[in-house]
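Each chain gets a letter, A, B and so on, in the order its sequence line appears, and its residues count up from 1. These numbers come from a predicted model, not from an experiment.
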Protein chains: 2
Amino acid sequence: MSPILHALEHESPKLSQMERKLAERILSSPSEIVHMGITELAEQCGISPATVTRFCKAFHFKGFPDFKVKLASEIAHSDATPQDGSYQDIVAGNPLSVIVEAMQANHLASIRDTTSLLDIDRLQAAVDLLCRARRVDLYGMATSSIVAQDFYQKLIRIGVNCTAFADSHMQITSASTLSAGDVAFAVSYSGETPETIDALTCAGASGASTIALTSYGSSRLATLADIPLFSSSLEQGMRRGDMASRIAQLHIIDILFTGMVSTRFGDFIPKLEQSYLNVQHYRHKRGGQS
Amino acid sequence: MSPILHALEHESPKLSQMERKLAERILSSPSEIVHMGITELAEQCGISPATVTRFCKAFHFKGFPDFKVKLASEIAHSDATPQDGSYQDIVAGNPLSVIVEAMQANHLASIRDTTSLLDIDRLQAAVDLLCRARRVDLYGMATSSIVAQDFYQKLIRIGVNCTAFADSHMQITSASTLSAGDVAFAVSYSGETPETIDALTCAGASGASTIALTSYGSSRLATLADIPLFSSSLEQGMRRGDMASRIAQLHIIDILFTGMVSTRFGDFIPKLEQSYLNVQHYRHKRGGQS
DNA sequence: TCATTTAAGGAAAATAATTTTCATATTTAG
DNA sequence: CTAAATATGAAAATTATTTTCCTTAAATGA
């Protein structure tokens, strides 16, 4: 905890009643305080602005604005809410400031956890497969289709021959036409999505190499795939576990993509640049029929 | 470097003479600025306080004090983590382990920076608008359409009447049919995507409230919108700046969505649960024709 | 117990800081 | 070269903060 907050907590017993109310309010959500005026804060504590100023002076700040700036730079040092730095659930009527902190904690933890349980060798194997693939199929339903679509958008920019159907029939249809040298890449938060499992099974049967991206844990999809990749899973009871998971999965997508580009830099970077420039170029012709 | 300072440097050429003096003074020693009053700073730059306020507003801060607080938390942050806190670029032939670390650093920094420059009041205003909206339109091209799609998937699960066209003609068509009480939500990494700007302009002209989600800095889209929301921007020379930006934008989407659910918990949670259960239920009937 | 002292705290005045308005200068486009 | 648009500062208006002054409440001592 930051020195200022620590001091507030430590000195709290020595403070008077009104001052303690104030200290508690500040400790309850420091990041809110820095965006408040002195009057607003005083009102929320049921005290007068005068008391707030005196309080700041007592802690040797030049005044309330000085306190805010110092507090702002201190709380930036630590990640949101260190004591409950792990995953937070959604509850009713939470103020937005609490939601922001919880979400930051969730997403940071999600990325850190995912990174720490990555298997570099498997990741490398996936990159190698993808780089050499004649054709790449991407499967995913609902939330996971977003991840698949994201990968799709990246891959076409470097000229990889790939598809990303959200329609389960099309997925199966496409999977049926794969063969050795092709890669099927399936995304599923649960790893148990039947449509995705079917598509990957079908792709494997057709001779394609299979990669699965799921949450950590044993799942049918992970077992099925040649190369299983994992994002961090959330604690039980999380109402919306797929939010952080999606971020973590995109994190892995970025690593895979960057790995591919880095491996075949000479091939891929010019295509990447060219696709960007062409979008710019053709966009400026806009104005007439299109 | 922090997104704010980076934006100042980056936009410096576009600024007027007086504004540039100010930007240079801020860049020369940011940590001094946060302990100055507006008059003192203006004097040191040989300009008027009015120009300083206008400058802050142009960068979408609520005013000079707001700028100071945001700057304070950002520079504290970069002091704290000079190495792994900053963004890394892609280069050729990097081993995967290096890529993994760089990507983690990028994504963590991106989420932290984005959170620190969030404006809770604006965010709250956006949540309120979205909660009360009769209809919501989501606009975004390419990478940004992924973000729009993601929000779309979330919103339909809680029964919000919304659409997310990737087709620019459809976006305009839909925008034309909006009216007061509706909300148009546009996503663009650059904030300068013509198709997205057109769609949001059209929506605004139709009487809808407009929200824009772009990278930090002044952009046409941000200026256009009733409520501009910002994700952190990356430093110059980043080959693929939109990767981290996408994560940051999804982070904001998650906050908005969670804010909405939290605000109308009783309405939305049952729908969320039901949509989940129904997907499970109807999936198990699978096996015959579908 | 009761007066007296002392400190806490609020109301409101005073001050300081910031923002807005308005008038002027400067640049840009035609 | 003129007109419109933009940029800027001076000063007014507003807002925020701090100080002053006064009341209240608790503590101390006769």
When you match A:R54 and A:T39 each to their closest nucleotide on DNA chain D, which lands nearer the 5' end? A:T39
Under 4.0 Å, counting only non-hydrogen atoms across every strand here, what does B:T53 touch: a base, just sugar-phosphate, or nothing? base
Under the rule for salt bridge (charged side-chain N to carboxylate O under 4.0 Å, His left out), what residues qualify as partners of [X], not counting sequence neighbours?
{"X": "B:D226", "value": "none"}
{"X": "A:R25", "value": "A:E32"}
{"X": "B:R264", "value": "B:D267"}
{"X": "B:D150", "value": "A:R246, B:K154"}

For B:M36 and for B:Q17, locate the closest nucleotide of DNA chain C by heavy-atom distance; then report the residue assigned to the nucleotide nearer the 5' terminus. B:M36
By side chain to side chain donor-acceptor pair (under 3.5 Å), which residues pair with [X], not counting sequence neighbours?
{"X": "B:S219", "result": "none"}
{"X": "B:S16", "result": "B:E19"}
{"X": "B:T201", "result": "none"}
{"X": "B:S48", "result": "B:T51"}

Just by distance, do the side chain of B:R122 and the backbone of B:P228 share a donor-acceptor pair under 3.5 Å? yes
Taking only residues two or more places apart in sequence or in another chain, which ones pass ring pair (Phe, Tyr, Trp, His ring centres under 6.0 Å) with B:F64? none
What is the first contacted nucleotide of DNA chain D and what is the last, in 5' to 3' order, if contact means an atom lying under 4.0 angstrom from a heavy atom of chain A? D:dT17 to D:dT20
What are the 5'-most and 3'-most nucleotides of DNA chain C lying under 4.0 Å from any heavy atom of chain B? C:dT18 to C:dT21
Residues in residues 58-66 of chain A with a heavy atom under 4.0 Å of DNA chain C, by number, are none
